[in-house]
Amino acid sequence: MLYFLQISDLPPMTKIKEENREPTYIGYARVSTAEQSVQMQIDALLKFGVKKKDIYHENMSGVKKNRPQLQAAMRRLRKGDVLVVWKLDRVARSINNLLELMKDLEDRGIKFRSITEGVETETPTGRLILVVMGALAQFERDLIVERTRAGVAAAKERGVKFGAKKTLSDDHMPKIWKMVREEGISQKEVAKKYKVSAQTIWRRLKEYESNK
């Protein structure tokens, strides 16, 4: 029995082209100030094999989340491509930010190379480095939580009270109660005198009378 291959049986041409095309090296370079030169990073990227037309660079602080050239490079990347940087801190603001970036690249099937640190996400060593970084990030978060708890506990032992301070102290309440309940002064006028809201006067009076 003869079987004739139909056009519908063939995979889309765009898919064939994507699977067969050579991966593109996309480079990203950054310096923090206008006084610094990005040329050293560009030279390193060119030496690595990134073409000049595929290098995105900008003068911008690493703490800024919105970096137009980095976003342009990320949009340009396709499955199988490689994002290349001179150093890890050129592309990430923190370890957590780096791990988020690596997760995004992995989900999109994009590889990553850092020339200085020798990180290559497609190698076991490169993946191990990222795992260690993730563990260090979690360790740092745990230490911060632990130090915060220890600090709060020590402060409580010294008598430090936490929480919002009352805008009206308990010492004020007998006089305020007398002004409102006995002298007939409106809560709005009393609030104006003590520079608080009428709602605060009403609430504190209610508390005062319930404990009286």
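All values derive from a computational prediction rather than experimental measurement.
Looking at M179 and K193, their side chains come closer than 4.5 Å, going by heavy atoms from C-beta outward.
Closest approach of G80 to P23, counting heavy atoms only: O-CB, 3.0 Å. Shown here for N97 and V91, the closest heavy-atom pair between the two residues is OD1-O, 4.1 Å. Considering all non-hydrogen atoms of both residues, A198 and A191 come closest at N-CB, 3.6 Å.
For R75, the side chain to side chain contact (heavy atoms under 4.5 Å, CB included) criterion is met by Q71, A72, not counting sequence neighbours. R76 pairs by the side chain to side chain contact (heavy atoms under 4.5 Å, CB included) definition with T24, I26, K53, D54, Y56, not counting sequence neighbours. For the side chain to side chain contact (heavy atoms under 4.5 Å, CB included) test, residues two or more places apart in sequence or in another chain that qualify with K178 are E182, E183. Residues satisfying the side-chain hydrogen bond (donor to acceptor under 3.5 Å, both in side chains) test with D43, not counting sequence neighbours, are Q39.
Residues E58 and Y28 bring a donor and an acceptor atom of their side chains to less than 3.5 Å of each other.
Once rounded to the nearest 0.5 Å, the distance linking CZ of R30 with CG of D89 reads 6.5 Å. Here NZ of K79 is found 12.0 Å from CG of D81. Values are rounded to the nearest 0.5 Å. The CZ atom of R67 sits 8.5 Å away from atom OG of S61, with the distance rounded to the nearest 0.5 Å.
No donor-acceptor distance shorter than 3.5 angstrom exists from the side chain of S114 to the backbone of V119, with no hydrogens or angles considered. A donor-acceptor contact shorter than 3.5 Å links the side chain of S210 to the backbone of K206. No donor-acceptor pair closer than 3.5 Å links the side chain of E189 to the backbone N or O of I185.
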Run the side chain to side chain contact (heavy atoms under 4.5 Å, CB included) check on L83 and L105 step by step: do they pass? CA-CA 9 Å; L83 176 62; L105 294 175; 4.0 Å; yes
Take R204 and E207, measure what salt bridge (charged side-chain N to carboxylate O under 4.0 Å, His left out) needs, and give me the verdict at the end. CA-CA 5 Å; R204 295 290 281 123; E207 292 175 358; 2.9 Å; yes
Evaluate the criterion side chain to side chain contact (heavy atoms under 4.5 Å, CB included) for residue pair L77 and F112; output intermediate values, then yes/no. CA-CA 11 Å; L77 289 161; F112 176 81; over 6 Å; no
Could you go through R90 and Q41, starting from their C-alpha distance and side-chain angles, then the distance that decides it, and tell me whether this counts as side chain to side chain contact (heavy atoms under 4.5 Å, CB included)? CA-CA 10 Å; R90 298 301 86 193; Q41 296 178 44; 3.4 Å; yes
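Its side chain within the 4.5 Å cluster rule, I42 clusters with Y25, V31, V38, L45, L46, F48, V50, I55, V82, V84, I115 among the Ile, Leu, Val, Met, Phe, Trp and Tyr residues.
There is a path of hydrophobic side-chain contacts, each under 4.5 Å, that joins V196 to M173. A continuous path of ILVMFWY side-chain contacts below 4.5 Å connects I176 to Y208, so both sit in one hydrophobic cluster. Residues L99 and I110 fall within the same hydrophobic cluster, defined by Ile, Leu, Val, Met, Phe, Trp and Tyr side chains chained together at heavy-atom separations under 4.5 Å. Hydrophobic clustering of Ile, Leu, Val, Met, Phe, Trp and Tyr side chains at less than 4.5 Å, counting indirect connections, keeps M102 apart from W86. Transitive grouping of hydrophobic side chains (ILVMFWY, heavy atoms separated by less than 4.5 Å) keeps W177 and W202 in distinct clusters.
Within the structure, salt bridge (Lys or Arg N to Asp or Glu O under 4.0 Å) contacts touching residues 97-117 (residues at least two apart or in different chains) are K103-D107, D104-R108, R113-E122.
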